[in-house]
Amino acid sequence: MRAAILEKLYDWSVAPYQYFKKNEAWQYNAEELKGYPNESLGHHMGKFLIANSFQLQEKLESHDVFHVLTGTGISVPDEISMQFYLLGNGKRSLYLFTVILVGSMLYPEYWRFFISKYNCGKSALPFHQLDFQKLLHQPIQRIKSTFLIQ
């Protein structure tokens with residue numbers, strides 16, 4: 001039931017969120033991304049999308065990049081934890097605060113996990129604002145080590 005509540009909130013919010021995003025949509029699909037060099041961010045993005053039967057969502061591509069770079073899963077508690085990570089990393093948005101507020105209320109037993117992810121994000125150098133499309137050819141380990149992403 002808890003997961004269904006958050007999933008419904010996501011369904012309601014995705015279109016308005018996409019509308020207000022100023023970035024351009026990427027012109028790639030999962031298979032094209034997987035065709036990037038094996039150690040690149042693009043390749044890892046393609047593998048993540050295919051493994052989870054996802055396609056990139058227009059203007060929301062960085063969300064999947066965050067999953068790949070932080071090694072965050074796709075369960076509801078994992079999604080909430082990623083927002084805590086991004087908060088620690090300096091990201092601020094209405095969506096982020098809403099997920100953290102609602103998620104914390106619905107999943108109080110994960111509070112320690114969420115706080116640990118916040119601390120991981122705080123330990124990393126700010127990366128949430130990068131133009132990841134320009135980094136698709138870069139080795140993922142270089143990006144992670146440069147920004148101290150754990």
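Values in this document were obtained by computation on a predicted structure and should not be read as measured data.
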Point to revise | Residue pair F127 / T70, side-chain heavy-atom distance below 4.5 Å | key: yes

Handout entry: Side-chain heavy-atom pair L130, V65 within 4.5 angstrom cut-off
Key = no

CG of L96 to CG of L86, rounded to nearest 0.5 Å, is 6.5 Å

One should read off an interatomic distance between N119 CG and I115 CD1, to the nearest 0.5 angstrom, of 7.0 Å

Close side-chain approach of D64 and V68, heavy atoms under 4.5 Å | no

Rounded to the nearest 0.5 Å, the NZ atom of K117 sits from the CG atom of D78 at a distance of 8.0 Å

query: With no hydrogens and no angle check, is any side-chain donor or acceptor of N89 less than 3.5 Å from a backbone partner on Y85?
result: no

Subject >> Candidate pair Y107 and F113, rule side chain to side chain contact (heavy atoms under 4.5 Å, CB included), full reasoning >> reply: CA-CA 10 Å; Y107 290 88; F113 176 57; over 6 Å; no

query: Should L148 and S123 count as side-chain neighbours, where that means a heavy-atom distance under 4.5 Å?
result: no

Does any non-hydrogen side-chain atom of Q57 lie less than 4.5 Å from one of H63? no

Between S40 and P37 the two heavy atoms that sit nearest each other are OG-O, 2.6 Å

- Message: Can you classify the ring geometry of F84 versus W111 as parallel (below 30°), tilted (30 to 60°) or perpendicular (above 60°)?
- Response: perpendicular

Are any of the side-chain heavy atoms of Q138 and L41 separated by less than 4.5 Å?
no

Please say yes or no: joined through hydrophobic side-chain contacts below 4.5 Å, possibly via intermediate residues, are L125 and Y118 part of one cluster?
yes

d(Q150 CD, L69 CG) to nearest 0.5 Å is 13.0 Å

- Message: If hydrophobic clusters are built by linking Ile, Leu, Val, Met, Phe, Trp and Tyr wherever their side-chain heavy atoms come under 4.5 Å apart, do I50 and F132 end up in the same one?
- Response: no

Distance-only, no hydrogens or angles: does the N29 side chain make a donor-acceptor pair with backbone N or O of E31 under 3.5 Å?
yes

Got F114 and L87 here, is their nearest side-chain heavy-atom distance under 4.5 Å? no

Between the OG1 atom in T72 and the NE2 atom in H67, the distance rounded to the nearest 0.5 Å is 6.5 Å

Apply side chain to side chain contact (heavy atoms under 4.5 Å, CB included) to the pair I80 and L106, showing each step before the final yes or no.
CA-CA 10 Å; I80 298 164; L106 293 176; over 6 Å; no

Only residue of H137, H44, H43 satisfying ring pair (Phe, Tyr, Trp, His ring centres under 6.0 Å) with Y36 is H137

| query | Is the backbone of L101 close enough, under 3.5 Å, to the side chain of S104 for a donor and an acceptor to pair up by distance? | reply | no

When rounded to the nearest 0.5 Å, the distance separating OG of S145 from CD1 of I140 is 11.0 Å

ring-ring contact (aromatic ring centres under 6.0 Å, His included) assessment of H128 paired with F66: CA-CA 8 Å; H128 63 87; F66 298 144; 7.6 Å; no

- Message: For the CZ atom on R92, are there more than 12 heavy atoms of other groups (residues, nucleotides or ligands in this structure) within a distance under 6.0 Å?
- Response: yes

